[in-house]
Protein chains: 2
Amino acid sequence: MAEPSTRTVERALVLLGAVCDAGSLTLADAARETDLSASTALRLLRTLEGTGFVRRDALGTYRPGLRVVQLGAQALGHESLVSLAEPALERLVERTGESSYLSVPSHDGEGVYLAMREGTHSVRHASWVGRSIPLEGTAVGAVLTGGHQGDGFVVVRNGVETDVTAIAAPVSPGGRVVAALSVVVPSYRITEAEARRIGALVAREAAALLMEPDTGTVPLTEDLTGEPV
Amino acid sequence: MAEPSTRTVERALVLLGAVCDAGSLTLADAARETDLSASTALRLLRTLEGTGFVRRDALGTYRPGLRVVQLGAQALGHESLVSLAEPALERLVERTGESSYLSVPSHDGEGVYLAMREGTHSVRHASWVGRSIPLEGTAVGAVLTGGHQGDGFVVVRNGVETDVTAIAAPVSPGGRVVAALSVVVPSYRITEAEARRIGALVAREAAALLMEPDTGTVPLTEDLTGEPV
DNA sequence: GCGTGTATTTCACTGATTGAAACGTCCTTT
DNA sequence: AAAGGACGTTTCAATCAGTGAAATACACGC
C-alpha cells in the first residue's frame, strides 16, 4: 500500500525531466541538479541515450531525444488529450454554464473541435466534435496560430459566427501551442467585463491542463453562470 | 566501453513505450508485450504512474500520462530545426499542394517525422509528427543515410508505401546530413517530369534552410546533429 | 608549471530489484 | 452451483544489478 517504487527508475526519470527542462545539460550539471553522483548520472544518462530518450550533441552535452518527441506526439494523437481535457471542460461548463470546447489545428488553416461539453443554459451555443472551424477571425484561431496576447486569452465578439462571443486560451506546454480551450457565449448575455473574467478562467484551466493534478487545481468560488441560485 | 546500461531503467522505458504505442494497455498485456513478470511490470508501471509518465483510467488500464506530453512539447520546442523548417514546409505545400515533411534520423536506425504540413488536395498523404519510417527503401532514408545523389534529391516511386511517390532532399550543413525535407505525392497524379521539378524545389528549400535570409551563409552556431558516429 | 573542473572507468559492497508463489476477485464455462 | 481461467495484487527470500568513492585521463585558465 505504501509506494513500492523503484529508486533507479525514479532517478532516471528525474534526470530525463531535468534534461528536457533545460533543453541542454552537461553531465556535471545534470548530476548536481538531481543530487546524484557523477558516475550514477552518467550510467543512467547512458541508458537513456541508448533508448533514444536523450542524445548527446557534438560537444558532449545531453539534449532531449527523439523518443521523447515521438511518445509525446503519440500521446497527443490518441484520445489522451481529450481525456485530459474532459475534466477542465466539465469545470468550465459548471462555472460558466456555457458550451466549452477543446480544439486543435488540423490543416488548410482550419481547426477541429476535439471535445466539447454543452452549456447548461437553454439558449446556448451548439456544435459537435469533428466540426472544423476557420482559424481566421476566430478566437480559437488567434490562439492556435500563436499570436501571443497580453492576458493569455483572446475574446472575439461576433466574429465568424455572428451573435456569439468566443473566448479562447492556449494549451502550450514548453511554448508550443498544441490545443485551445474555449468557451462560446451568446453575445447578448455577456459584457466585456464578464468576458474578461471568463477569459482568465479559461486561461487558467488551459495552463493547468498539463500540470500536476495537485498544483493544477484552480479553486474558484465565483459563480459566473448568471443563473438564479 | 561496452554498455553499462541499467536493466531496470531499460525495462521501464520499454514499458513506457509499449503503453504509448498502444495508447491504452492493461497490466497483463503490458507484461506480455515486454516479457516481464506481472509483478515486475506492476512495480515499474507504478513508479511510472507516480511520476506522471503513465496514468490509470477508471477501468485500471494504463495510458500515457501528462508528463509525456509535457516533455514531448518541451523537446519539440528545443528542436531548432522545426521552427526553421516550418516556413519551408509552408512554401512547399503552397507550391505543390502536397503533404510535406521534415525528418531526422533516430537512434534505432529509422527516421522520424519531426514536422509536417498537410497538403491541400482532398486526396493526400497523411501522417503525423513522431511517426517513424524505415530508412531502407524510402526516399527519406536514401537521403539520410547519405548516399549522395546526382541532382541533390531522391525520388522513390511506390517504395515502402505503395501508391505514393516520395521526393526528398538533404539538409546538410557542412556536408553532414542532419535532416531531410520531403514531399509525398499519390503516384497516380505525378509524372516523372513533375517529380523532378518538385525535386528541384525541395532541394532548393533544403539547401536554403540553414542559411541566413540575406547573406546566404550558414551561421552554424548550434549543433544540429542528432547522432554520434 | 599548477589548479580546477569535467568525463570516464574500475571495483568491492550491499540493498534495491526480482520473480515465483499465494491470494482475492471477477469473469465465462460446464 | 461448481469449476476453471484470467487478472491484479501482495509477500518474501535470494541474488544480482545498481551504487558511489576513488582513481584516471583530459581540457582549460591563470
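Every value quoted in this text rests on a predicted model; they were computed, and no experiment measured them. The figures here come from the full heavy-atom set of this structure, side chains too, leaving out hydrogens, waters and symmetry mates. First the proteins, then the strands, lettered A, B, ... as listed; each starts at 1.
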query = Mapping G60(A) and V9(A) onto DNA chain C by nearest heavy atom, which one lands closer to the 5' end?
reply =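 Looking at the nearest nucleotide for each, G60(A) comes out on the 5' side.
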inquiry  = Can you list everything that forms a side chain to side chain contact (heavy atoms under 4.5 Å, CB included) with A88(A)? Sequence neighbours excluded, please.
reply    = R91(A), L181(A), E205(A), L209(A)
Does a side-chain N or O from [X] land closer than 4.0 Å to OP1 or OP2 of [N], or not?
{"X": "R43(B)", "N": "dT18(C)", "result": "yes"}
{"X": "R56(A)", "N": "dT8(C)", "result": "yes"}
{"X": "R11(A)", "N": "dG20(D)", "result": "yes"}
{"X": "R7(B)", "N": "dT15(D)", "result": "no"}

request  = Using a cut-off of strictly less than 4.0 Å between a heavy atom of the residue and any atom of DNA chain C, enumerate the qualifying residues of residues 24-40 of chain B by number.
outcome  = S37(B), S39(B), T40(B)
Specify the separation, in whole Å, of atom [atom1] of [X] and atom [atom2] of [N].
{"X": "L44(B)", "N": "dA16(C)", "atom1": "CG", "atom2": "C1'", "answer": "12 Å"}
{"X": "L45(A)", "N": "dG20(D)", "atom1": "CG", "atom2": "P", "answer": "14 Å"}
{"X": "E10(A)", "N": "dA16(C)", "atom1": "CD", "atom2": "C1'", "answer": "12 Å"}
{"X": "L59(B)", "N": "dG8(D)", "atom1": "CG", "atom2": "P", "answer": "11 Å"}

request  = Not counting sequence neighbours, which residues clear side-chain hydrogen bond (donor to acceptor under 3.5 Å, both in side chains) with T51(A)? List them please.
outcome  =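 Partners of T51(A) under the side-chain hydrogen bond (donor to acceptor under 3.5 Å, both in side chains) test: none.
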Residues that E33(B) engages under side-chain hydrogen bond (donor to acceptor under 3.5 Å, both in side chains), provided they are two or more places apart =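 Result, side-chain hydrogen bond (donor to acceptor under 3.5 Å, both in side chains) vs E33(B): none returned.
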note = Quick note, L42(B) side chain, CB onward, closest among dT9(D), dT18(C), dT8(C) is dT9(D)
Judged by atom type as modelled, is there a donor-acceptor pair below 3.5 Å linking the side chain of [X] to the main-chain atoms of [Y]?
{"X": "D151(B)", "Y": "F153(B)", "result": "no"}
{"X": "E118(B)", "Y": "S106(A)", "result": "no"}
{"X": "R124(B)", "Y": "G119(B)", "result": "yes"}
{"X": "T138(B)", "Y": "G141(B)", "result": "yes"}

key: Set of ring pair (Phe, Tyr, Trp, His ring centres under 6.0 Å) partners for Y62(B), sequence neighbours left out   =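 Testing Y62(B) for ring pair (Phe, Tyr, Trp, His ring centres under 6.0 Å), a comparison that skips the adjacent residues, returns none.
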Return the polar atom pairs (N/O with N/O) between nucleotides 25-30 of chain D and the protein under 3.5 Å, or none.
none

request  = Please say whether more than 12 non-hydrogen atoms of neighbouring residues, nucleotides or ligands are located less than 6.0 Å from CD in E86(B).
outcome  = yes
